[in-house]
Amino acid sequence: MSKKLLLKDAHIEGIRYFETYRKQGGYEAAEKALKMTPDEILEEVKASGLRGRGGAGFPTGMKWSFLAKPEGVPRHLVVNADESEPGTFKDRYLMEFLPHLLIEGMLISSYCLGSNTSYIYIRGEYSWIPDILEEAIEEAKAAGFLGKNILGTGFDLEIYVQRGGGAYICGEETALLESLEGKRGNPRLKPPFPAVKGLWERPTVVNNVESIAAIVPIMDITGAEYAKIGVGRSTGTKLISACGNINKPGVYEIDMTITVEEFIYSEEYCGGIPNGKKLKACIPGGSSVPIVPANLLLKTINGEPRYMNYESLADGGFATGTMMGSGGFIVLDEDQCIVEHTMTLARFYNHESCGQCTPCREGTGWMYKILKKIENGQGKMEDIDLLWDIQRKIEGNTICPLGDAAAWPVAAAIRHFRDEFEWHIKNPELSQTQNYGLANY
Ligand code: NAD
Ligand code: SF4
């Protein structure tokens, strides 16, 4: 059984309220941290090996150490709660059921980073959660864990919750900062990174909800102990939101030592595939990461079991591996049609493109139209190569990663499932009435 650090108390009734959270040892990590120096906390975070849980997996301690500290300029912590990646809903779970874990993590992190005003930027569609967070903030303030002179340390902290307007692109950290400043959420060119020039051009750390929540157990058990959980550079625990063709969709905390096979088929996690259907493919890290067929999902190209961690999932690169990403684990059974699935994602990215860069603005629309043609039985064989060319021209040629995120699913689908594209083109009448999965497995 995986060790639980974040969700260990999630089942306790009333845990979202301060009194219950405190009874379970809540805010003890913050009390401990506030007796330490910011540098000492930073060393613990570095020692933990924690990697950003939003999707990129960038080492959190390293990001914090990049924070510029010019004299007299305020710094900020911004929590990215704009969780919009299709298939990803683990931050929603944390905020809904364990809001004080996030607030406590923010208190420790803000103290370490020297931020007296920190923000939670939350996805607009999570319309019921800001009230939960604001209630938790008020409770923490009333108990002396937020506001002025926290626990007599002289440290002040205010936390504000900002609701997004429902644009996927505002989850990209610089678009988020633009939106938080009251402007249209257009991504900025990086560098400069937010750690140098972020919110209102001030040094800013932007971290995902889960990353900041993980600071609490790190302070609790120490960075060194946290680093002993997991394997290699995949330290600690990771939340996975599992969905698609599985018996038990939900949010699971894993310690990154289990195999993908165990995660899909064991009763502790996904509980297998409904109706005894065969596994066809999976997108293990949210829609932006490459889809992998079952044979490459369960085993690497060398025949080794594939594990639920950053290194193992990426083993073999984009050609045979995939990515941990945001932990949005989407399972597809034998009945699913890859062309239809890829078309749906292409429509999503086209709709969410901010339009600043030509390859993304034009390319995403073009890919969607071609995929729609193929799906509707109107495609030509050369369309497959055209699709391949377009995604190649988007990847690496845009301001923000949305372009890559739109290109990779198309590339992976063609690489691994070219036969399905060809089947749609060769069988236009069937293509319109039934999907490839049902017809061919
Ligand atoms: P990134 O690799 O550009 O950056 C990761 C983080 O490290 C950023 O905070 C960046 O500022 C920081 N960083 C990197 N190099 C730095 C440097 N030299 N100096 C200072 N800071 C530096 O990736 P990203 O754009 O933040 O994230 C992309 C990922 O987001 C994708 O892989 C995808 O999985 C994920 N994603 C998640 C969601 C979601 O809902 N959780 C939605 C869309 C995308
Ligand atoms: Fe906007 Fe797409 Fe360019 Fe990102 S890649 S800045 S979403 S046009």
Side-chain angles (χ1 to χ4, degrees), residues 51-68 77-92 94 121-123 125-126 164 167-178 184-199 203-212 238-241 283-290 310 313-314 318 322-329 345 348-365 367 393-409:
R51 293 171 66 174
R53 302 302 198 220
F58 193 83
T60 305
M62 192 188 291
K63 192 194 278 192
W64 289 14
S65 65
F66 286 154
L67 188 71
L77 168 70
V78 175
V79 170
N80 186 344
D82 194 67
E83 182 177 53
S84 313
E85 182 82 332
T88 313
F89 46 90
K90 42 104 190 166
D91 294 339
R92 180 182 79 192
L94 270 180
Y121 184 96
I122 184 161
R123 176 179 181 184
E125 290 88 341
Y126 287 175
Y168 172 75
I169 196 56
C170 288
E172 195 284 328
E173 59 178 3
T174 59
L176 185 157
L177 295 175
E178 288 284 300
R184 189 178 197 272
N186 279 354
R188 301 172 183 167
L189 274 169
K190 293 194 282 190
F193 288 94
V196 175
K197 229 180 199 191
L199 190 62
T204 304
V205 161
V206 184
N207 268 144
N208 170 259
V209 170
E210 184 188 345
S211 309
I212 293 298
K238 173 84 191 86
L239 296 185
I240 306 288
S241 55
I283 303 172
S287 64
S288 300
V289 312
Y310 291 94
L313 284 170
F318 287 165
T322 178
M323 284 157 84
M324 182 69 138
S326 57
F329 197 87
L345 287 184
F348 171 79
Y349 287 113
N350 179 229
H351 182 254
E352 298 297 342
S353 166
C354 83
Q356 276 193 105
C357 342
T358 310
C360 172
R361 183 186 63 239
E362 302 301 325
T364 54
M367 290 195 302
K393 289 194 170 73
I394 299 174
E395 189 195 358
N397 293 320
T398 57
I399 293 174
C400 91
L402 189 143
D404 295 343
W408 292 341

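Starting from 1, each residue takes its place in the sequence as its number. Counting starts at 1 for both ligands and their atoms, in listed order.
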Main-chain N/O of [Y] paired to [X] side chain as donor or acceptor, under 3.5 Å:
{"X": "E83", "Y": "K90", "result": "yes"}
{"X": "S326", "Y": "G285", "result": "yes"}
{"X": "E178", "Y": "R188", "result": "no"}

For [X], is the nearest heavy atom under 4.0 Å from an atom of ligand 1?
{"X": "P401", "answer": "yes"}
{"X": "G285", "answer": "no"}
{"X": "G54", "answer": "yes"}
{"X": "M62", "answer": "no"}

[atom] - nearest protein heavy atom and its distance:
{"atom": "atom 4 (Fe) of ligand 2", "value": "C400 SG, 2.4 Å"}
{"atom": "atom 18 (N) of ligand 1", "value": "F193 CE1, 3.4 Å"}
{"atom": "atom 8 (C) of ligand 1", "value": "E173 OE2, 3.1 Å"}
{"atom": "atom 2 (Fe) of ligand 2", "value": "C360 SG, 2.3 Å"}
{"atom": "atom 3 (Fe) of ligand 2", "value": "C357 SG, 2.2 Å"}
{"atom": "atom 38 (C) of ligand 1", "value": "E85 CB, 3.5 Å"}
{"atom": "atom 20 (C) of ligand 1", "value": "F66 CD1, 3.2 Å"}
{"atom": "atom 7 (O) of ligand 1", "value": "F58 CG, 3.2 Å"}
{"atom": "atom 12 (C) of ligand 1", "value": "K63 CE, 3.9 Å"}
{"atom": "atom 5 (S) of ligand 2", "value": "T398 CB, 3.3 Å"}
{"atom": "atom 34 (O) of ligand 1", "value": "G55 CA, 3.5 Å"}
{"atom": "atom 23 (O) of ligand 1", "value": "A56 CB, 3.4 Å"}

Non-hydrogen atoms of [X] and [Y] that approach each other most closely:
{"X": "C170", "Y": "G185", "answer": "SG-CA, 3.9 Å"}
{"X": "V79", "Y": "N208", "answer": "CG1-C, 4.4 Å"}
{"X": "Y310", "Y": "R53", "answer": "OH-NH1, 3.1 Å"}
{"X": "S241", "Y": "F89", "answer": "OG-N, 3.2 Å"}
{"X": "T60", "Y": "G52", "answer": "OG1-N, 3.7 Å"}
{"X": "P203", "Y": "A195", "answer": "CB-O, 3.4 Å"}

Relative to ligand 1, is P194 under 4.0 angstrom through side chain, backbone, both or neither, heavy atoms considered? side chain
So is there a nitrogen or oxygen of S84 less than 3.5 Å from a nitrogen or oxygen in ligand 1? yes
Distance under 4.0 Å to a non-hydrogen atom of [X]: what atoms of ligand 2 satisfy this?
{"X": "S353", "result": "2 (Fe), 8 (S)"}
{"X": "I169", "result": "7 (S)"}
{"X": "I399", "result": "6 (S)"}
{"X": "G403", "result": "5 (S)"}
{"X": "Q356", "result": "1 (Fe), 6 (S), 8 (S)"}

Distance, nearest 0.5 Å, that separates [atom1] of [X] from [atom2] of [Y]:
{"X": "M367", "Y": "K393", "atom1": "CE", "atom2": "NZ", "answer": "12.5 Å"}
{"X": "I122", "Y": "E125", "atom1": "CD1", "atom2": "CD", "answer": "10.5 Å"}
{"X": "F193", "Y": "F58", "atom1": "CZ", "atom2": "CZ", "answer": "7.0 Å"}
{"X": "L77", "Y": "I212", "atom1": "CG", "atom2": "CD1", "answer": "5.0 Å"}
{"X": "E173", "Y": "N207", "atom1": "CD", "atom2": "CG", "answer": "9.0 Å"}

Would E172 and K190 satisfy salt bridge (Lys or Arg N to Asp or Glu O under 4.0 Å), going step by step from the backbone distance to the final call? CA-CA 12 Å; E172 195 284 328; K190 293 194 282 190; 3.8 Å; yes
Whether Y349 and Y168 hold their rings parallel, tilted or perpendicular, with breakpoints at 30° and 60°: perpendicular
A student checking ligand 1 against S326 at a 4.0 Å heavy-atom cut-off should list atoms 41 (N)
Nearest neighbour of atom 1 (Fe) of ligand 2 from the list A175, C354, P187, on a heavy-atom basis: C354
With atom 26 (O) of ligand 1 as the reference point, say which of K90, K190, E172, R123 has the nearest heavy atom. K190
Mode of N186 contact toward ligand 2 - side chain, backbone, both, neither (heavy atoms, under 4.0 Å): neither
